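Here the structure is laid out as structure tokens; the discussion comes afterwards.
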There are 2 protein chains.
Amino acid sequence: MAGLTYRAAGVDIDAGERLVDRIKPLAARTRTPLVMGSVGGFAGLCGLPPEMKDPVLVSGTDGVGTKLKLAFRSGVHDSIGIDLVAMCVNDIITCGATPLFFLDYFATGALDVTAGEAVIRGVARGCELAGCALLGGETAEMPGLYSPGEYDLAGFAVGAVERERVLDGSRTSAGDLLVGLASSGLHSNGYSLAQKALFERAGYDLDTRLDDLERPLGAALLEPTRIYARATAAMLEAGEVHALSHITGGGLPGNLPRVLPDGLVARLDRSAWPRSPLFDHVARAGAVAEVEMFRTFNMGLGLVAAVRPEDAAAVRQAAEDAGERAFLVGEIVTGEGPARVDLP
Amino acid sequence: MAGLTYRAAGVDIDAGERLVDRIKPLAARTRTPLVMGSVGGFAGLCGLPPEMKDPVLVSGTDGVGTKLKLAFRSGVHDSIGIDLVAMCVNDIITCGATPLFFLDYFATGALDVTAGEAVIRGVARGCELAGCALLGGETAEMPGLYSPGEYDLAGFAVGAVERERVLDGSRTSAGDLLVGLASSGLHSNGYSLAQKALFERAGYDLDTRLDDLERPLGAALLEPTRIYARATAAMLEAGEVHALSHITGGGLPGNLPRVLPDGLVARLDRSAWPRSPLFDHVARAGAVAEVEMFRTFNMGLGLVAAVRPEDAAAVRQAAEDAGERAFLVGEIVTGEGPARVDLP
């Protein structure tokens, strides 16, 4: 009986090392002046922005949910990492934070170095878009836990904000205007429902061409989540922003009230922004009620800001100048009870 | 045809919310004075230790590998979270950092609220042992990605260290003594090999009683990883510590050289510390060569410090006083070429 080795147990250390070698230059490109060399690679080291007097750390973790299955199904692995960074970074910027660094966790059953490299290339690209450093990561090879060709991804983002500038929504008041930033599609939420509707109910596949969609269905669904870090930095400079909400699972009704004081209502004019025809295809394919659509998907807005009314035009323009499509989508009015969204 | 809902697509938002409700008091117990209330829960907020003049952030991410399978197999879910915190925190303390906060990512196919709560209870317990706050986390329900009853876990730790006190190993020199902290067993590395050897080759199961093991095999294998944060804090106070190495995948030969300058050799006396009989059972069951054992497992030492010789006794004692078993396990000598470990 041959003696067991770690490799015979299903763990290919050499493949892991080959992947690390390929990741290094990708991570190096995201390096910022705050990053310090790390000895031994046990941990990543990063300084704080020297101009900050009393920085508070802001952190968040997220995954990309079953959007992963689209990457598996299509074999397109190089954009799901952008989604991962987006989901984490768009959370921390809601507090007014500047993203500093990011770490990823990539877990698979048997390491495919090429697919793994594509995934991390996306993560590094996301970090570049967010202006933060890819400071570290973990590649886990766990025989049997994942089906062949599948993997999971988790991300962690850390940013910093001057203590006196932490955005906590407390200054939001009736009369504030709501500036919405366009999403690029479903972003990274609702994919279990969307895939069930489109693939199982309607029988579409990745190559299906649907009315009003410029690209095949698979490509439209895989479109990466927008990363709003540069836009929100510009918006915070351009005017008095009282609150920022990242529209994730739970949609507008689930996420906007999270940053509103009780007694306020976010009244949205749903004709004020365009939404991808993709949402309508999902609704039709799955006979999904409109209220369920709004509670599951972003419905066209990836981030919403509550802004002092006299600054709304300038804040909207700043987002546009930073490369986002931005709209005045509603206003804050008074109401009774807990904060809520009104979608007349 | 009934209209699709998110729940019908396999995602149980209510279960997720029930789990969040159960996690809240667990996380609250880990709260430190540096943690700030977070609005809306998009992100976690944490200040920096006010006594630090020029803090550098130190971060790391890790999982627990196929030790997960032991939790699935045994149904014991409340200690694997301690392993998760240990793997991340033991990495960041090698730079001399004080752990500040931790975030976890918990992903499963269909959410089992009871098992999920047990997992997070372990994470919170780990945070208490490490003295850091459980600042946030993500629970992902991804139908189809995980087998029933299975899940994956990723962790992320952030600490801080005064810039001038970053431990980088550069001051390690010939004559330094090596202080090793006992591991509690396999910690969280080598479980693919160990399970293949013990369960497949030898045909043991969780309840098997083996010579010299006080507990059934399953319990011995599930023993949580030691968290060395309090010990290393005490050791750094007690004397001049030049380097700290966390003994993870790759074992002593893979991890000790990571924090040694070239031209130095860590000469270890393998009779200087006890090792759990568990390692011998794995070696025997799998006919695993001694060199492969040392490259895969920690072989009894979870962390090794290189210490100025005149301080070694005090540093060792400080670790003992902090609750660890600590041993003088070797010394640094000069050698040629890249840093390496010598195990005569």
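Chain letters run A, B, ... following the sequence lines, proteins first and then strands; every chain starts at 1. For clarity, every value in this text was computed on a predicted model and none was experimentally measured.
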Side chain, backbone, both or neither: which part of [X] has a non-hydrogen atom closer than 4.5 Å to chain A?
| X | result |
| --- | --- |
| B:T61 | both |
| B:A8 | backbone |
| B:L135 | side chain |
| B:N255 | both |
| B:A197 | both |
| B:Y146 | side chain |
| B:L153 | backbone |
| B:V288 | both |
| B:I93 | neither |
| B:V166 | side chain |
| B:S245 | both |
| B:L68 | side chain |
| B:P55 | both |

- Check the angle between the aromatic planes of B:F156 and A:F156 and answer parallel, tilted or perpendicular using the 30° and 60° thresholds. parallel
- Message: Within this structure, what is the CZ-CG distance for the pair B:R7 and A:L193, rounded to the nearest 0.5 Å?
- Response: 13.5 Å
- Item | Pairwise distance CG(B:L4) to CE(A:M293) - rounded to 0.5 angstrom | 10.5 Å
- Query: So which of A:G47, A:G65, A:A283, A:A140 has the biggest tally of heavy-atom pairs under 4.5 Å with chain B?
  - Reply: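 Option with the greatest count: A:G65.
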- Task: Quick one: which of B:A154, B:A160, B:C88, B:G60 has the most heavy-atom pairs under 4.5 Å with chain A, could you say?
- Result: B:A154
- Item | Pick from B:A289, B:A243, B:G155 with the largest number of heavy-atom pairs that fall under 4.5 Å of chain A |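 Of B:A289, B:A243, B:G155, B:G155 has the most heavy-atom pairs under 4.5 Å with chain A.
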Can you say whether [X] sits under 4.5 Å from chain B via the side chain, the backbone, both, or neither, judging by heavy atoms?
| X | value |
| --- | --- |
| A:R295 | neither |
| A:V58 | both |
| A:S192 | both |

- Taking it one step at a time, do B:M142 and A:K69 satisfy side chain to side chain contact (heavy atoms under 4.5 Å, CB included)? CA-CA 10 Å; B:M142 295 189 286; A:K69 291 186 185 177; 5.8 Å; no
- Task: Measure from the side-chain N and O atoms of B:E138 to the backbone N and O of A:G63, and report whether any donor-acceptor pair falls under 3.5 Å.
- Result: no
- A:E292 (side chain) donor-acceptor with B:Y6 (main chain) under 3.5 angstrom: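 Checked: pair present.
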Are any of the side-chain heavy atoms of [X] and [Y] separated by less than 4.5 Å?
| X | Y | value |
| --- | --- | --- |
| A:L57 | B:L45 | no |
| B:L48 | A:L48 | yes |
| B:C46 | A:V56 | no |
| B:F42 | A:V259 | yes |
| B:V158 | A:S59 | no |
| B:D152 | A:L145 | yes |

- Message: Assess the residue pair B:Y105 and A:D62 against the criterion (side-chain hydrogen bond (donor to acceptor under 3.5 Å, both in side chains)); give the C-alpha distance rounded to whole Å, side-chain angles, the decisive distance to 0.1 Å, and a yes or no.
- Response: CA-CA 7 Å; B:Y105 171 83; A:D62 213 342; over 6 Å; no
